[in-house]
Amino acid sequence: MNTFEGCLNHEQLEAVNCLNGPLLILAGAGSGKTRVIVYRIANLIANKINPWNILAMTFTNKAACQMRERISNLVDPRLAGDVWISTYHSFGARILRAEHVAAGLKRDFNIFDDSDSKKLVEICLKEMNLDSDRYKPSVMCDMISIAKDKLLDPESYSLHAAASPESSRRVAAEVYELYQEKLKSMGGVDFGDILRYTVDLFKNNPDVLEKYRERFRYILIDEYQDTNYAQYVLTKLLAAKYKNICVVGDDDQSIYSWRGADIRNILEFERDYPETRVVYLEQNYRSTKNILDTAQKLIHYNHHRKPKDLKAVKPAGDKIEYVEFQNEFAEASGVADRIISGVRHYNRKYSDFAIFYRTNAQSRIFEENFVRAGIPYVVVGGCKFYDRAEVRDILAYLRLINNPSDDVSFRRIINMPPRGIGKSTAAIIINKAHEMRIPLFEALKVLSTEGTVKKAENFLKSISGLHAEKDNMDASEIVKIIIEESGYMEYLEGHKDIESQSRMDNVKELVSAVVDFEQHIGNKTLAAFLENISLVSDIDSFDEKKDYVTLITLHLAKGLEFPCVFITGMEEGLFPLTDSSMSLEEREEERRLCYVGITRAKEELFLSGASCRRIYGQMRYCIPSVFLKEMEICKLLSDVGMTDRDIVSMPRGLEFSGINSSSPYTRGKMIKHPDFGLGKIIDVSGTGDDVKVIVKFDSGFWKKLMVKYAKLEVI
DNA sequence: ACCGATTGAATTTTT
DNA sequence: TTCAATCGGT
């Protein structure tokens with residue numbers, strides 16, 4: 001298509017013009033991959049492909065919205081509106097809702113998020129009399145979720161697990177079985193189920209599959225390197241007939257393998273579709289040459305990758321800066337200073353800057369400094385609106401109204417606000433439900449006719465009444481009524497602490513979110529609203545048009561770009577975030593995460609770390625991240641005689657910790673021990689009589705020693 | 001049944 | 001440090 005030629009380079013054009021058959025686009029960071037997808041869809045439409053036959057998968061709803069918007073700029077917006085663009089999960093949920101009979105689901109199934117799943121796992125563990133210290137709910141929950149991402153049902157997972165030497169896997173298999181039974185009986189579907197059930201639906205119902213194959217003749221998948229096995233199978237099922245499948249991705253940017261993403265999906269695409277045309281996008285339009293070169297130096301340390309060579313279009317630009325600050329406070333104020341100076345003297349806007357960090361906990365210190373310095377900022381992620389206790393409480397009401405079998409929601413609100421249903425009454429309800437094999441809410445009804453649970457009369461009436469009418473009412477009406485009838489606001493008002501006002505505001509904000517949704521989407525049912533919030537994430541509401549500095553985790557930063565990027569906390573143990581049990585593969589993923597971070601930067605890149613940092617309230621010494629050495633920015637690691645390999649082999653329980661004041665034992669010093677011989681001090685902790693040192697002895701092993709007892713001799 | 005005090009654990013998280 | 005979950009007194 002001639003119309004696109006001016007806007008695209010040769011390879012991009014090749015991809016955009018390849019309309020039929022399997023197409024693999026290996027798109028390096030900043031190479032304009034979204035642009036290619038958008039133009040390719042526009043080109044399909046220009047070639048008289050019915051937009052209704054096009055399916056595009058993205059990884060966030062935000063990416064989906066943006067994509068639709070950009071397509072609307074190229075073709076008639078009404079046609080763009082007909083393209084089905086969504087996340088895998090929204091796609092699955094919509095199909096399952098439409099085909100709920102064939103899928104064997106209740107029409108009003110509730111979607112369980114991770115914290116709901118965890119609650120249910122806790123219930124299962126309790127029922128199975130398993131020690132929740134030994135088998136942590138979050139770990140069990142993760143194992144189940146990963147099993148689901150591999151399309152393993154409880155049976156096949158238990159076959160798998162039986163062979164495993166780890167007892168926790170065998171236990172997880174048992175928990176999974178009970179968990180799934182409960183989830184099913186209460187009409188719940190978790191994130192893993194959405195994909196699993198959609199795959200099952202297609203596999204078990206050839207007619208249904210055929211219908212959707214006919215519908216989605218052209219399929220495009222963004223961020224293919226982060227798809228998991230379930231998504232891979234789902235895609236394959238849909239694409240098998242027409243094979244017009246175009247996947248776009250970059251193995252170097254795969255950062256969700258810990259969540260089940262399987263990099264093989266992209267590496268073996270050509271094997272799955274032998275006719276595949278491969279296009280490499282290696283021109284980087286985003287970053288300066290210095291930034292791009294630094295990124296490539298780093299990523300070259302990874303062994304498991306497709307070799308590639310990105311070329312910068314932009315000139316060298318500014319040098320990369322690295323500063324090791326004294327501590328995290330100095331780091332935060334140093335960053336704030338730079339931002340202020342950029343705004344004052346270099347014509348920068350606040351929104352030109354982004355602060356990246358590895359863990360959400362790191363954001364606080366920056367926030368405090370920015371407030372003090374008067375810098376406007378937004379924290380993306382972190383404490384999500386829909387994760388706040390009061391919001392979740394109201395949502396639990398709504399979910400119970402939508403689906404009264406949802407026992408997890410029931411448990412959450414049966415005594416919230418407190419209405420005199422304590423442990424013992426709750427136990428009565430649970431026993432009844434168990435006995436009669438009915439949901440908790442049904443059990444409450446039964447007990448109510450017996451007159452045993454007078455205190456829950458109103459609760460019962462409200463929920464039943466609204467449930468019966470939910471299809472005839474707008475979601476906004478329902479939420480207003482339930483807040484009124486539950487007495488939630490009065491309860492908050494009664495609490496005279498500082499937080500009660502903001503909690504009331506949050507409840508009000510939820511009401512306006514419902515109203516907003518109704519106006520935006522046109523579907524006013526409660527079910528539609530609930531589904532939407534389950535599948536929407538925090539980054540979706542991120543608005544880059546406002547003039548704020550962005551604070552964000554490295555994971556969430558993928559897909560974004562900023563003129564000036566700060567990557568903070570560049571310290572061994574924090575970034576890369578490691579413990580000593582970490583495999584080399586996991587270290588490579590941390591490296592990719594760093595690569596993603598660097599390649600978000602368009603013009604300026606600042607790296608920083610602290611030599612001392614409080615972690616969980618404990619002062620700890622930090623050594624600069626190995627990544628700095630790999631980027632050839634800093635060779636400080638050699639100062640204490642450590643190499644990458646040493647850090648990998650450092651045994652558990654020898655975390656860097658503590659602060660020392662005036663002892664002769666400092667980092668890097670050589671010492672002699674009467675029994676162990678020569679060694680080097682890697683870290684010092686404690687004060688006074690309590691000074692401890694971590695020593696790496698020449699014989700190769702590590703030891704943490706009390707200076708008071710160990711007769712060390714400084715050499 | 002409810003409140004407050006103590007104890008203990010603690011990554012990253014597109015959906 | 002900070003959060004949440006449990007414990008023990010009212």
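Chain A is the first sequence line, chain B the second, and so forth, proteins listed ahead of strands; every chain is numbered from 1.
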Does Thr553(A) make a side-chain N or O approach to OP1 or OP2 of dT13(B) shorter than 4.0 Å?
-> yes
Rounded to whole angstroms, how far apart are [atom1] on [X] and [atom2] on [N]?
| X | N | atom1 | atom2 | value |
| --- | --- | --- | --- | --- |
| Ile615(A) | dT12(B) | CD1 | P | 12 Å |
| Lys148(A) | dT13(B) | NZ | C1' | 17 Å |
| Ile255(A) | dT14(B) | CD1 | C1' | 9 Å |
| Tyr256(A) | dT12(B) | OH | C1' | 8 Å |
| Arg259(A) | dT14(B) | CZ | P | 8 Å |
| Ile533(A) | dT14(B) | CD1 | C1' | 17 Å |
| Tyr386(A) | dT13(B) | OH | C1' | 19 Å |
| Asp387(A) | dT13(B) | CG | C1' | 11 Å |

Check every strand shown and say whether Asn415(A) touches a base, only sugar-phosphate, or nothing at a heavy-atom separation below 4.0 Å.
->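 It contacts sugar-phosphate atoms only.
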[X]: partners by salt bridge (Lys or Arg N to Asp or Glu O under 4.0 Å), with sequence neighbours left out:
| X | answer |
| --- | --- |
| Glu127(A) | Lys182(A) |
| Arg372(A) | none |
| Asp200(A) | none |
| Arg364(A) | Glu368(A) |

Range on DNA chain C touched by chain A, heavy atoms, distance below 4.0 Å |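 The contact span of chain A on DNA chain C goes from dT1(C) to dT2(C).
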Could you identify which residues of residues 419-430 of chain A place a heavy atom less than 4.0 Å from some atom of DNA chain B, listed by residue number, or say none?
->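 Heavy-atom contacts with DNA chain B come from Gly420(A), Gly422(A), Lys423(A), Ser424(A), Thr425(A).
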Can you pull the salt bridge (Lys or Arg N to Asp or Glu O under 4.0 Å) pairs that have at least one residue in residues 87-100 of chain A, sequence neighbours excluded?
-> Arg97(A)-Glu531(A), Glu99(A)-Lys211(A)
Closer to the 5' end of DNA chain B via nearest nucleotide, is it His555(A) or Lys455(A)?
-> Lys455(A)
Closest-nucleotide 5' rank along DNA chain B - winner of Ala361(A) and Asp114(A) = Ala361(A)
Candidate pair Asp393(A) and Tyr488(A), rule side chain to side chain donor-acceptor pair (under 3.5 Å), full reasoning = CA-CA 9 Å; Asp393(A) 286 342; Tyr488(A) 201 87; 2.5 Å; yes
Return the polar atom pairs (N/O with N/O) between nucleotides 9-11 of chain B and the protein under 3.5 Å, or none.
none

Could you pull out all residues at least two apart from Asp193(A) that satisfy side chain to side chain contact (heavy atoms under 4.5 Å, CB included)?
->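 Expected list: Lys148(A), Gln180(A), Leu183(A), Val189(A), Asp190(A), Arg196(A), Tyr197(A).
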Contacts of Ala528(A) that satisfy side chain to side chain contact (heavy atoms under 4.5 Å, CB included) - sequence neighbours left out =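 Ala528(A) satisfies side chain to side chain contact (heavy atoms under 4.5 Å, CB included) with Phe517(A), Asn523(A), Thr525(A) once adjacent residues are dropped.
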What residues, two or more places apart in sequence or in another chain, satisfy ring pair (Phe, Tyr, Trp, His ring centres under 6.0 Å) together with Phe356(A)?
-> none
Quick one: ring pair (Phe, Tyr, Trp, His ring centres under 6.0 Å) partners of Phe216(A), sequence neighbours excluded?
->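 For Phe216(A) the ring pair (Phe, Tyr, Trp, His ring centres under 6.0 Å) partners, ignoring immediate neighbours, are Trp84(A), Phe91(A).
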Side chains of Asn302(A) and Asp252(A), donor plus acceptor under 3.5 Å | no
Any side-chain donor-acceptor pair under 3.5 Å between Ser448(A) and Glu457(A)?
->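 Yes - a donor-acceptor pair under 3.5 Å links their side chains.
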Considering heavy-atom distances to DNA chain C, does Glu368(A) or Lys126(A) have its closest nucleotide positioned more toward the 5' end?
->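 Result: Glu368(A).
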